Amino acid sequence: MSRICELTGKGRQVGHNVSHANNKTKRVFLPNLQNVTLMSEKLDRSFKFRVSTQGLRSVEHNGGLDNWLLKTKDEKLSSRALKVKRELKKAAKEAA
């Protein structure tokens, strides 16, 4: 399974370990991914996602999963998150 956040698109970064003698060796910085269940208030359902802790804080800051998905560009979201976003838009159309 790839180490990419399903909501923010945050993935691995590459850098160097630097020793005291200034020797540089390649290393990988992985995002802190957690398996979480987020509740959609408009759909009245919960969804499981693999989200970085930074992404989880961003979702909470924006007022929940529904607001986050509607504000975020489609390129950043995973296919599962896009599916939920389409359901939200469909539910909003039916309600209006």
Side-chain angles (χ1 to χ4, degrees):
M1 185 182 289
S2 61
R3 302 277 301 180
I4 296 176
C5 177
E6 292 188 90
L7 297 181
T8 62
K10 183 181 181 120
R12 67 184 208 139
Q13 292 183 320
V14 179
H16 288 99
N17 280 332
V18 181
S19 70
H20 185 67
N22 206 26
N23 298 329
K24 295 171 184 75
T25 56
K26 287 279 190 178
R27 65 157 295 177
V28 175
F29 295 94
L30 296 174
N32 183 8
L33 296 178
Q34 306 294 324
N35 293 318
V36 295
T37 303
L38 297 172
M39 184 72 180
S40 170
E41 294 170 3
K42 292 179 184 172
L43 298 176
D44 200 33
R45 285 181 46 202
S46 59
F47 299 93
K48 288 187 177 184
F49 290 109
R50 195 154 189 235
V51 183
S52 65
T53 52
Q54 176 222 352
L56 191 57
R57 291 179 63 193
S58 298
V59 168
E60 293 300 322
H61 180 75
N62 281 296
L65 180 65
D66 299 342
N67 290 339
W68 171 262
L69 288 175
L70 294 174
K71 287 182 182 180
T72 307
K73 294 180 182 175
D74 290 351
E75 296 86 44
K76 282 188 173 184
L77 298 173
S78 69
S79 59
R80 290 174 53 211
L82 278 172
K83 187 177 177 182
V84 176
K85 184 175 181 177
R86 276 189 240 110
E87 286 182 37
L88 280 171
K89 287 184 177 179
K90 186 177 176 183
K93 278 185 183 177
E94 291 174 359

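Because the structure is predicted, anything quoted here is derived from the model rather than measured.
- A salt bridge (charged side-chain N to carboxylate O under 4.0 Å, His left out) check over residues 20-32, counting only residues at least two apart or in different chains, returns nothing.
- Grouping Ile, Leu, Val, Met, Phe, Trp and Tyr by side-chain contacts under 4.5 Å, direct or through others, puts V28 with L30.
- The side-chain contact (heavy atoms from CB on, under 4.5 Å) check on A95 picks up nothing, with sequence neighbours excluded.
- Evaluation of the salt bridge (charged side-chain N to carboxylate O under 4.0 Å, His left out) test over residues 56-78, restricted to residues two or more places apart or in two chains, returns D74-K85.
- Under the rule for a side-chain contact (heavy atoms from CB on, under 4.5 Å), the partners of N32 that lie at least two apart in sequence or sit in another chain are Q34, T53.
- Heavy-atom neighbours of H16 NE2 from other residues, nucleotides or ligands within 6.0 Å: above the threshold of 12.
- If you chain together ILVMFWY residues whose side-chain heavy atoms come under 4.5 Å of each other, L7 ends up grouped with V36, L38, L43, F47, F49, V51, L56, V59, L65, W68, L69, L70, L77, L82, V84, L88.
- Screening residues 87-96 for salt bridge (charged side-chain N to carboxylate O under 4.0 Å, His left out) gives R45-E87 as the qualifying pairs, with residues at least two apart or on separate chains.
- Every residue two or more places apart in sequence or in another chain that forms a salt bridge (charged side-chain N to carboxylate O under 4.0 Å, His left out) with R80 is listed here: E6.
- The minimum heavy-atom distance between R50 and S2, with the atom names listed, is NH1-O, 3.5 Å.
- Every residue meeting the side-chain contact (heavy atoms from CB on, under 4.5 Å) condition with T37, not counting sequence neighbours, appears here in chain and number order: S46, K48.
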I'd like to know whether T8 forms a side-chain contact (heavy atoms from CB on, under 4.5 Å) with S52, so could you lay out the CA-CA distance, the side-chain angles of the two residues, the decisive distance to 0.1 Å, and finally the verdict. CA-CA 8 Å; T8 62; S52 65; 3.9 Å; yes
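- Applying the 4.5 Å side-chain rule to ILVMFWY residues, one finds that V18 remains a lone member of its cluster.
- For S19, the side-chain contact (heavy atoms from CB on, under 4.5 Å) criterion is met by A21, N23, not counting sequence neighbours.
- Scanning both residues, R3 and P31, for their nearest heavy atoms gives NH2-O, 3.0 Å.
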